[in-house]
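Heads up, the thing below is written out as structure tokens.
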Amino acid sequence: MARPAAVSPRNAVPSARAGALYEVQPNPAPARGVFMRLSRYFLPVLKETPKEAEIISHQLMLRAGMIKQQAAGSYTWLPLGFKVLNKVVRIIEEEQNRSGAIQLLMPTVQSADLWKESGRYDAYGKEMLRIEDRHERQMLFGPTNEEMITDVFRTYVRSYKDLPLNLYHIQWKFRDEVRPRFGTMRSREFLMKDAYSFDLDEAGARAAFYRMFVAYLRTFRRMGLTGIPMRADTGPIGGDLSYEFHVLADTGESQVYLHKDLAGKTIPPIDTDYRGDLKPIFDDWTSLFAATDEMTDEAGFKAAVPEDKQLSARGIEVGHIFYFGTKYSEPMKATVTGPDGKDVLVQMGSYGIGPSRLVPAIIEAFHDEAGIVWPVSVAPFEAVVINLKVGDAESDTASIKLYGELQAAGIDALYDDRDQGAGGKFATADLIGIPYQLIMPAARLKEGMAEIKHRKSGERETLPIGDAVKKLVALIVPQRLDTI
RNA sequence: CGGGGUGUAGCGCAGCCUGGUAGCGCAUUUGUCUGGGGGACAAAGGGUCGCAGGUUCAAAUCCUGUCACUCCGACCA
């Protein structure tokens with residue numbers, strides 16, 4: 001958006017380039033629906049819970065008509081689910097772009113050759129889905145893209161002046177998990193945002209890491225979550241630059257231990273300068289203890305955190321960022337010419353977020369007995385107009401008018417015009433988790449009154465029809481969290 | 001990959017042990033009523049019982065094989 005398309009990497013001046021890269025970008029308007037009549041929409045909700053669903057998010061995603069299983073660990077995203085997934089993706093894109101990362105798109109099916117170069121073709125094991133094409137060439141459905149992005153990089157980038165560079169894409173991946181489960185929380189085919197940073201030296205790589213660290217804090221917060229960074233295993237690379245981001249939820253797959261204060265910590269604001277030194281923010285967050293059971297144990301935790309600040313919980317891993325130096329640039333010979341005229345191997349890092357896992361993670365965090373309770377920022381619809389007496393001229397007219405006004409006010413709204421009882425409509429609205437229900441009670445329309453139900457609190461308020469749209473806008477807009 | 005479980009109508013299930021030609025609830029269709037928490041009444045449609053063999057006069061049911069899904073464990077965004 002902000003970056004001139006014609007700038008050749010080769011000629012780019014670092015300072016000018018950095019300016020373009022790290023400019024704070026305005027948020028594009030959220031996608032709005034067209035006239036969305038529920039009677040004409042495709043929303044196959046289920047009254048009963050399919051037996052295969054074990055955890056609440058999986059059950060609710062099936063019941064709310066968000067997903068349909070097609071095979072073990074592989075799902076169709078039905079319209080409602082896809083809408084949420086896209087909102088999650090949009091937030092990720094906004095925060096990645098804001099941090100200076102640049103989006104591209106790499107293929108899902110890759111040639112085995114690249115993987116042989118890095119040595120991972122043999123190392124990866126059965127999780128990698130290997131395919132043979134008609135010419136009997138070895139292909140694979142990508143489980144990740146380090147090799148490919150390194151190939152892109154080495155093809156075009158020659159000079160240190162083109163650094164720093166962070167390229168990301170959001171693409172479907174496939175890992176042939178032995179045991180997929182929990183719906184899209186752990187599917188074989190899954191959507192992943194993976195970013196890859198390229199820097200001249202470790203100091204640069206560290207700065208790139210901090211940028212992603214900050215972007216991640218902001219990304220999860222904007223979805224209503226607190227993503228807590230936890231020191232993770234760095235493997236053979238070593239160092240301190242590997243963090244997993246976990247969302248706390250009872251059904252989380254990992255046991256996590258953390259300092260209580262992390263759970264309510266304020267994130268870096270929208271005007272955080274990504275060109276500046278972000279180490280203080282990193283230090284601030286990482287000075288408080290947080291680790292998975294892979295990195296610590298009960299005893300270590302108790303020794304590190306004062307008793308009244310100890311929080312032992314379950315966590316869902318929703319992101320992982322790490323620095324791996326020259327692990328791929330070395331075997332794949334990705335070098336740039338430094339200021340001294342000598343070629344150096346680029347320092348790389350990679351940064352993943354799983355949108356298709358975030359959707360169930362958000363549901364794990366936000367639901368009640370009646371169904372999902374979406375945060376506004378990722379809700380499939382921000383509000384639903386419930387016409388309680390479809391077919392009644394007065395009721396229809398008033399409902400359609402208000403729906404139109406909501407749309408005009410930029411609210412992503414749904415109109416429930418199904419010809420059925422009130423109970424069914426309420427149950428559906430609650431189940432699919434629309435944050436605000438604008439209820440049109442036939443009996444009170446004559447008096448010019450309507451009702452707003454807050455999904456989260458259950459609170460209902462009756463108000464003049466003329467005030468309803470204004471009120472909903474005032475409630476919804478701040479909760480989009482797109483200016484925090 | 002080791003150990004269990006399950007495949008019967010779109011979904012949830014019964015029937016299987018003790019073979020006799022398939023049933024319940026929800027959903028769907030039509031009509032009437034209803035209209036503030038999955039409403040009522042009436043009528044209707046929908047299933048080669050996962051698949052392939054075998055036993056038998058006869059198989060959803062018994063036997064063999066196979067496929068799929070799923071749960072527990074080891075592994076993972």
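Numbers restart at 1 for each chain; the letters A, B, ... are given by sequence-line order, proteins then strands. Values in this document were obtained by computation on a predicted structure and should not be read as measured data.
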**Report entry** side-chain hydrogen bond (donor to acceptor under 3.5 Å, both in side chains) between A:Gln138 and A:Arg130, worked out
**Finding:** CA-CA 7 Å; A:Gln138 292 172 298; A:Arg130 292 152 209 264; over 6 Å; no
Query raised in the report: Checking only heavy atoms, does the side chain of A:Gln420 share a donor-acceptor pair with the base of B:G35 at less than 3.5 Å?
Result: no
Taking N or O atoms only and anything under 3.5 Å, show me the protein contacts with nucleotides 68-70 of chain B, one pair per line.
from	atom 1	to	atom 2	distance (Å)
B:C69	OP1	A:Ala72	N	2.9
B:C69	O3'	A:Gln69	NE2	3.1
B:U70	OP1	A:Gln69	OE1	3.4
B:U70	OP1	A:Gln69	NE2	2.8

Please list each protein N or O that sits under 3.5 Å from an N or O in nucleotides 24-28 of chain B, with the distance.
from	atom 1	to	atom 2	distance (Å)
B:G25	N2	A:Glu48	OE1	2.8

Query raised in the report: Would you say the base of B:G37 and the side-chain of A:Lys453 have a donor-acceptor pair closer than 3.5 Å?
Result: yes
Query raised in the report: Can you tell me if A:Tyr328 and A:Arg120 form a side-chain donor-acceptor pair at under 3.5 Å?
Result: yes
Query raised in the report: Which part of the nucleic acid, if any, lies within reach of A:Ile439 when heavy atoms closer than 4.0 Å are counted: base, sugar-phosphate only, or nothing?
Result: base
**Report entry** Heavy-atom donor-acceptor pair, A:Lys425 side chain to A:Arg418 backbone, under 3.5 Å
**Finding:** yes
Query raised in the report: Without hydrogens or angle criteria, can the side chains of A:Tyr436 and A:Gln479 be said to hold a donor-acceptor pair below 3.5 Å?
Result: yes
Query raised in the report: Between A:Ser187 and A:Tyr75, is any side-chain donor less than 3.5 angstrom from a side-chain acceptor?
Result: no
Query raised in the report: Going by modelled atom types, is there a donor-acceptor pair between the base of B:G35 and the side chain of A:Asp392 at under 3.5 Å?
Result: no
Report task. Scan residues 359-381 of chain A for pairs that pass side chain to side chain donor-acceptor pair (under 3.5 Å), counting only residues two or more places apart or in two chains. Result -> A:Ser57-A:Glu364, A:Thr251-A:Glu364, A:Asp368-A:Arg455
Requested in this report: Using the P atom on both, measure B:G23 against B:G45 and round to a whole Å.
Outcome: 13 Å
